[in-house]
Amino acid sequence: MQIKKNKTPSKIPVADRSKNYTFFENVWDVVRQIPEGRVTTYGAIANYLGTKSSARMVGYAMNSSFGIMPKVPAQRVVNRNGMLSGKAHFATPTLMEELLKKEGIQVEDDKIVNFTKVFWDPNIELL
DNA sequence: AGTATGACTCATT
DNA sequence: AAATGAGCCATAC
């Protein structure tokens, strides 16, 4: 029984490689706690994790979140304007919007309607 | 090993 | 108000 060493793990989205994915895992952890029907932003998550200016890394974490378990509802993370900036990275360009609508969030023109009302801030709600 | 590039956001022009 | 620069730091090449 030998363990395979994969030289090109880049396509493998799973986190259990011997790398420092702690930040990503923290991000995923927060995202998993977003209630259905609510959304949050990259910046809010970054801020909650104490790395206020690492919103970009949150987006990166989402990019790496496809296929990991437990499932990460990446569709509930949008940019600070409530726009579905990550929709292009889903399996299909419309999947993100479809998922959100299915959860009761209205999306119009790649933007979340009533964004301020469905906005879920981990800094407040997840104290 | 150095450069480029982002699912971002904020401050400065 | 729109454009630009900077900070962030893991990946890709």
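Values in this document were obtained by computation on a predicted structure and should not be read as measured data.
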remark   = Rounded to whole Å, the CG-P distance (A:Asn26 to C:dA10) equals 13 Å
request  = In plain terms, say whether A:Arg38 and A:Glu103 are close enough for a salt bridge, that is, a side-chain N and a carboxylate O under 4.0 Å apart.
outcome  = no
task = State plainly whether the residues A:Lys102 and A:Glu98 are in salt-bridge range, i.e. N to O under 4.0 Å.
result = no
Whole-Å gap separating P (C:dA10) and CD (A:Glu25) = 14 Å
request  = Test A:Met57 against A:Thr51 for side-chain contact (heavy atoms from CB on, under 4.5 Å), laying out the working first.
outcome  = CA-CA 10 Å; A:Met57 294 303 102; A:Thr51 58; over 6 Å; no
ask   = Tell me, which of residues 97-111 of chain A have any heavy atom that sits under 4.0 Å from an atom in DNA chain B?
value = none
Let me have the donor-acceptor pairs involving side chains of residues 30-37 of chain A, under 3.5 Å, with sequence neighbours excluded, atom names and distances please.
unit_1, atom_1, unit_2, atom_2, d
A:Arg32, NH1, A:Pro70, O, 2.9
A:Gln33, NE2, A:Asp29, O, 3.1

message = Whole angstroms only, please: what is the CZ-P distance between A:Phe23 and C:dC8?
response = 12 Å
Heteroatom pairs (N/O) under 3.5 angstrom, protein to nucleotides 4-8 of chain B:
unit_1, atom_1, unit_2, atom_2, d
B:dG6, N7, A:Arg56, NH2, 2.7
B:dA7, OP1, A:His89, NE2, 2.7
B:dA7, N7, A:Gly59, O, 3.4
B:dA7, N7, A:Asn63, N, 2.9
B:dA7, N6, A:Met62, O, 2.9
B:dA7, N3, A:Tyr42, OH, 3.0
B:dC8, N4, A:Arg56, NH1, 3.1
B:dC8, N4, A:Arg56, NH2, 3.4

request  = Please report, rounded to the nearest Å, how far the P atom of C:dG7 is from the CG atom of A:Asn47.
outcome  = 19 Å
key: ring-ring contact (aromatic ring centres under 6.0 Å, His included) against A:Tyr60, all qualifying residues, sequence neighbours excluded   = none
Rounded distance in Å between the P positions of B:dA1 and C:dC8 = 23 Å
ask   = How would you list, by chain and number, every residue that makes a side chain to side chain contact (heavy atoms under 4.5 Å, CB included) with A:Asn79, sequence neighbours excluded?
value = A:Tyr42, A:Asn81, A:Met83, A:Ser85
message = Pair A:Trp120, A:Val39 - check side-chain contact (heavy atoms from CB on, under 4.5 Å), show working.
response = CA-CA 5 Å; A:Trp120 179 87; A:Val39 297; over 6 Å; no
inquiry  = Going by side chain to side chain donor-acceptor pair (under 3.5 Å), name the pairs with one or both residues in residues 104-114 of chain A, residues two or more places apart or in two chains.
reply    = A:Lys87-A:Asp110
